[in-house]
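What follows is a short report on a single structure.
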Amino acid sequence: MSKLLQELCELDQLIMSKLEFSEINAEEIVHLVDNREQLLQNVLQLIDSYPDVKQSSEWFEAISRTRQLVELMQSETGLVGKNLHKYRHGAKSVQQYKKFL
């Protein structure tokens, strides 16, 4: 169990580091998040067999990292949305200017 939680920790750190790049590779992030989801499912299955793990510091840290990842991904998604809105507005402005040419 400890090994799975350690793998989850390492994967979380990798995802966080990828999200900190100025140029995010969405496909890579999706792949890592899919791997994390599978690993987390394995951890949750083991927790059913060993419920005491829910009281471990490793589990609390995993939950804390999950919250951080969710917040970071929501923030990045919001930023991408804002940039897309600006791009669309700029594209509409260009279309308007082209009417006068």
Side-chain angles (χ1 to χ4, degrees):
M1 174 58 84
S2 181
K3 182 182 180 210
L4 285 176
L5 289 173
Q6 181 60 36
E7 287 178 36
L8 185 63
C9 178
E10 291 169 4
L11 189 54
D12 288 347
Q13 290 173 351
L14 181 60
I15 293 170
M16 284 185 198
S17 71
K18 298 292 182 182
L19 288 171
E20 291 174 353
F21 286 127
S22 60
E23 193 67 33
I24 293 177
N25 182 334
E27 290 179 23
E28 186 177 14
I29 298 295
V30 168
H31 176 71
L32 292 171
V33 169
D34 287 346
N35 288 348
R36 185 185 196 279
E37 182 179 355
Q38 183 60 47
L39 183 57
L40 191 54
Q41 288 300 322
N42 294 340
V43 169
L44 291 174
Q45 288 174 358
L46 282 175
I47 284 179
D48 288 341
S49 301
Y50 304 98
D52 292 345
V53 172
K54 288 183 181 179
Q55 302 305 317
S56 72
S57 62
E58 291 173 314
W59 180 245
F60 285 115
E61 289 170 9
I63 290 173
S64 177
R65 282 191 317 275
T66 299
R67 286 187 183 118
Q68 289 175 329
L69 279 172
V70 168
E71 289 173 6
L72 186 56
M73 286 191 286
Q74 286 175 333
S75 173
E76 290 298 322
T77 301
L79 184 60
V80 167
K82 286 179 184 177
N83 288 337
L84 181 58
H85 178 74
K86 289 178 187 177
Y87 172 78
R88 286 183 178 162
H89 180 73
K92 286 180 183 177
S93 295
V94 168
Q95 287 176 351
Q96 292 295 323
Y97 291 133
K98 283 183 177 182
K99 287 181 182 179
F100 296 106
L101 296 177

CZ-CD distance between R36 and E7, expressed to the nearest 0.5 angstrom: 13.0 Å
Working to the nearest 0.5 Å, report the span between CG of D12 and OG of S17. 11.0 Å
A side-chain contact here means heavy atoms from C-beta on lying under 4.5 Å apart; do N25 and K18 qualify? no
With the 4.5 Å side-chain cut-off for hydrophobic clustering, are M16 and V30 part of the same group? no
Do L39 and N35 make a side-chain contact, defined as non-hydrogen atoms from C-beta onward lying under 4.5 Å apart? no
Does the side chain of I15 reach to within under 4.5 Å of the side chain of L11, using non-hydrogen atoms? yes
Atom pairs and distances, donor-acceptor, side-chain atoms in residues 52-64, under 3.5 Å, two or more places apart:
from, atom 1, to, atom 2, distance (Å)
S56, OG, V53, O, 2.8
S56, OG, W59, N, 3.2
E58, OE2, S2, OG, 3.0

Once rounded to the nearest 0.5 Å, what's the spacing between atom CG of N42 and atom CD1 of I47? 11.5 Å
Looking at every non-hydrogen atom in both residues, tell me the closest pair between R65 and L8 and how far apart they are. NH2-C, 3.9 Å
Kindly indicate whether the side chain of M73, heavy atoms from C-beta on, has any atom under 4.5 Å from the side chain of V33. yes
Are V70 and L19 co-members of a hydrophobic cluster defined by side-chain heavy atoms under 4.5 Å apart? no
Whether the Q6 and E10 side chains hold a donor-acceptor pair (N or O, under 3.5 Å, no angle test) is what I'd like checked. yes
